[in-house]
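Both backbone and side-chain heavy atoms feed into the values below; hydrogens, waters and symmetry mates do not. In what follows, chains carry the letters A, B, and so on, assigned in the order in which the sequence lines appear, proteins first and then strands, with residues in each chain numbered from 1.
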There are 2 protein chains.
Amino acid sequence: MQIKEIIESSKRHWETALPHLSIDCVVFGFDQQQLNVLLLKLKDNAENWILPGGYVLKKEALDDAARRILKERSGADKIFLNAFNVFGDLNRSEGYFTEYDDDLWHKQRFVTIGYYALVDHESVTPVIDASSEDCRWMPIDELPEMVMDHKSIIENALATLREQIRYKPIGYNLLPEEFTMPELQRLYEAVLGYKLNRGNFYRRIMRYNILKKLDKERKGGAHKSPILYSFDKDNYQKALNEFSW
Amino acid sequence: MQIKEIIESSKRHWETALPHLSIDCVVFGFDQQQLNVLLLKLKDNAENWILPGGYVLKKEALDDAARRILKERSGADKIFLNAFNVFGDLNRSEGYFTEYDDDLWHKQRFVTIGYYALVDHESVTPVIDASSEDCRWMPIDELPEMVMDHKSIIENALATLREQIRYKPIGYNLLPEEFTMPELQRLYEAVLGYKLNRGNFYRRIMRYNILKKLDKERKGGAHKSPILYSFDKDNYQKALNEFSW
DNA sequence: CCAAAAGTGTTATAAATACACCCATGT
DNA sequence: ACATGGGTGTATTTATAACACTTTTGG
């Protein structure tokens, strides 16, 4: 980002957003192989990547801000969003923007709200905005160097996701509308980080009654066409509200 | 609180604290009978109670702020503190302080970080500060009318506590240094809201290996003196870090 | 003696885990 | 033919729950 652009955006932010408060989104996406996180690379910031984040408008609810930021960054719309932690240490942005004036927006002390989001990999077109030189999916087990405490924010989000998956269904927002059983299983394995037994997974998933079997198959593979499923929205929501997985 | 005092504190807060950001503490204490929450009643605020809360100093980490606020309000020192959620809706403080000028600190739009704290009931002396007319323990199943969204913040904290107790040990900060097995069981029952089987509870607790049996008993009861225990700090910490309860 | 506490035994039930079998089907 | 997918059977282990019995002990 050019100095001029930074100064410009700084003025705008002071006028429109709540100071000292930011939102960082850990956006998880699944590409049928592995779990990925959406990351940005700022211009002029060497090799360091950054979480898509933003600020809360003065008349905007926190959750709405997270949704807006995510939409701006990824084009993703129907998403599962959850505030999972707050990061408010003093030293978390130490050493950044030191060469700028103290009234620069970005140089404030920030408390950031960590949101994690589950999005369908396919429905997302990473948007490279004015301040970024790159925006892309990165696999969670090969994260690049990251700015400030952003890597530990991701690890914290992943730990939360792994706890959640044990007693709440996951997948509604990480998979396309229609998907197959092996795809769902691979998603679970990617989140948990280990293999699951196929037969047991099948029975367990079926027992929770959150799937609708569609009357069609995914053609074109090299082998037997797998059956397509979609989530039963009502039962899925019901399962989300209980906590007994 | 007198108008004059409000105006005074307003000036001070603008100088020392981060705007738009507050902390509210749900302080749980156990009195051998039931689970209680520490609540305040503001002067001039009719029948409405409020959570002990405060603001984050400009050069103060979030967790430190929560600890400080709690110490000021309760005198409690060695406490278990945990940020459990953020409350950032627009309408959460709507209708308060409407009769004051817009530059009043308290009239800002606030995003509040909810912390829950577990404290030893005995070690706390509720402090009635300048702005409060009352400060006391209230049982969680008989909460009074509360200001803004504070009642739902408590319910959210309690739900979090009930989830936590299923896979992490609870009690280190809710019980005195030395305690008996029946006391620990009553604590669990108070948190969960239902009775547990004694024999099974005994075995389960023992299996987790977090208790040190002391070589003495609690004398003076009407019946057989129960054995005193304390927590084995190392193993307790280890159990906290795993997540397999 | 009585009531609470401590510790253990037993049994039923449910859940998790690991394997294995059979059938279907697209190339 | 064969690799993948769908569906089910089954045996083992582990966890949870309900209940009961015994012994100890303070008053």
Side-chain angles (χ1 to χ4, degrees), chain A residues 32-33 162-163 165-171 175-176 178-189 191-230 239 242-245, chain B residues 32-33 162-163 165-171 175-176 178-189 191-230 239 242-245:
Chain A
Q32 312 294 350
Q33 296 297 324
R162 283 183 175 154
E163 274 190 47
I165 204 177
R166 300 168 139 258
Y167 56 93
K168 288 184 193 272
I170 296 278
L175 291 174
E178 304 182 346
F179 54 89
T180 69
M181 190 60 74
E183 284 166 4
L184 184 59
Q185 181 172 350
R186 277 199 294 279
L187 167 62
Y188 268 72
E189 291 173 343
V191 169
L192 289 170
Y194 52 83
K195 292 275 172 206
L196 297 171
N197 178 281
R198 189 186 56 81
N200 294 339
F201 179 79
Y202 175 85
R203 261 178 300 219
R204 174 199 263 256
I205 274 292
M206 287 317 236
R207 210 170 39 222
Y208 295 117
N209 202 30
I210 55 174
L211 295 188
K212 261 194 317 216
K213 188 193 280 206
L214 303 179
D215 208 15
K216 44 185 173 175
E217 294 160 358
R218 159 116 58 234
K219 302 281 184 190
H223 304 284
K224 178 185 177 181
S225 302
I227 300 168
L228 283 168
Y229 294 87
S230 68
E242 296 164 11
F243 67 118
S244 45
W245 266 50
Chain B
Q32 310 293 351
Q33 297 295 323
R162 283 183 175 155
E163 273 190 49
I165 205 177
R166 300 168 137 256
Y167 57 93
K168 289 185 192 272
I170 296 278
L175 290 174
E178 303 182 348
F179 54 90
T180 69
M181 189 61 75
E183 283 165 4
L184 183 60
Q185 182 172 349
R186 277 200 294 278
L187 167 62
Y188 268 72
E189 291 173 344
V191 169
L192 289 169
Y194 53 85
K195 292 276 171 204
L196 297 170
N197 177 279
R198 189 187 58 79
N200 295 337
F201 179 79
Y202 175 87
R203 263 178 301 220
R204 174 199 263 256
I205 275 291
M206 287 318 234
R207 212 172 36 226
Y208 294 118
N209 201 30
I210 55 175
L211 295 188
K212 259 192 320 214
K213 187 193 280 207
L214 303 179
D215 207 15
K216 45 185 173 175
E217 294 159 0
R218 161 111 66 234
K219 301 283 182 188
H223 305 285
K224 178 185 175 180
S225 302
I227 300 168
L228 282 167
Y229 293 88
S230 68
E242 296 164 11
F243 66 116
S244 44
W245 267 51

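To the nearest angstrom, C1' of dA6(C) lies 12 Å from CD of Q185(B). F201(A) places its CZ atom 22 Å from the P atom of dA20(C), with the value rounded to the nearest Å. The interatomic distance linking L214(A) (CG) with dG6(D) (C1') rounds to 15 Å, in whole Å. To the nearest angstrom, P of dT8(D) lies 11 Å from CE of M181(A). Atom-to-atom, NZ of K219(B) to P of dA4(C) comes out at 18 Å; the value is rounded to the nearest Å. In this structure, the CZ atom of R207(A) is 11 Å from the P atom of dT17(C), given to the nearest Å. Between L228(A) atom CG and dG6(D) atom C1' the separation is 14 Å, expressed in whole Å. In this structure, CD of E217(A) is placed 8 Å from C1' of dT25(C), rounded to the nearest angstrom.
Closest contact between the side chain of H223(A) and the listed nucleotides dA5(C), dG6(D), dT4(D) involves dT4(D). Considering only side-chain atoms of N200(B), the nucleotide from dT10(D), dG6(D), dA18(D) that sits closest is dA18(D). Of the candidate nucleotides dA18(C), dA5(C), dG6(D), dA18(C) has the atom lying nearest to any side-chain atom of N197(A).
Using a 4.5 Å cut-off on side-chain heavy atoms (C-beta onward), T180(B) and L228(B) make contact. For the pair Q185(A) and I205(A), the minimum side-chain heavy-atom distance is 4.5 Å or more. With a 4.5 Å cut-off on side-chain heavy atoms, Y229(B) and I210(B) do not count as touching.
Toward the 5' end of DNA chain D, the nearer of the two residues S225(A) and G221(B), judged by each one's closest nucleotide, is S225(A). Heavy-atom nearest nucleotides on DNA chain C were determined for K213(B) and for G199(A), and the one closer to the 5' end corresponds to K213(B). A residue-by-residue look at G220(B) and T180(A) shows that T180(A) has its nearest nucleotide of DNA chain D further toward the 5' end.
Across the helix from dC1(C)-dG27(D) to dT27(C)-dA1(D), the helix axis at one end is tilted relative to the axis at the other end by 10° (nearest 10 degrees, each axis from five pairs).
Considering all non-hydrogen atoms of both residues, L184(A) and I170(A) come closest at CD1-O, 4.3 Å. The shortest non-hydrogen separation linking L192(B) to I165(B) is CD2-CG2, 3.6 Å.
Between dA3(D) and K224(A), no contact under 4.0 Å exists linking OP1 or OP2 to a side-chain N or O. For R204(B) and dT16(D), the shortest distance from a side-chain N or O to OP1 or OP2 is below 4.0 Å. The phosphate of dG7(C) (OP1 or OP2) has a side-chain N or O of Y202(B) nearer than 4.0 angstrom.
Nucleic acid contact class of M206(B) (heavy atoms, under 4.0 Å, all strands): none.
Side-chain N/O atoms of R198(A) and base N/O atoms of dG7(D) include a donor-acceptor pair closer than 3.5 Å. Below the 3.5 angstrom threshold, one finds a donor paired with an acceptor across the side chain of R203(B) and the base of dG9(C).
A donor-acceptor contact shorter than 3.5 Å links the side chain of R186(B) to the backbone of Q32(B). Judged by distance alone, with hydrogens and angles left aside, the side-chain atoms of R162(A) form a donor-acceptor pair with the main-chain N or O of V191(A) at under 3.5 Å.
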Donor-acceptor contacts under 3.5 Å from residues 195-202 of chain A side chains, at least two apart:
unit_1: N197(A); atom_1: OD1; unit_2: G199(A); atom_2: N; d: 3.1
unit_1: N197(A); atom_1: OD1; unit_2: N200(A); atom_2: N; d: 3.0
unit_1: N200(A); atom_1: OD1; unit_2: R203(A); atom_2: NH2; d: 3.3

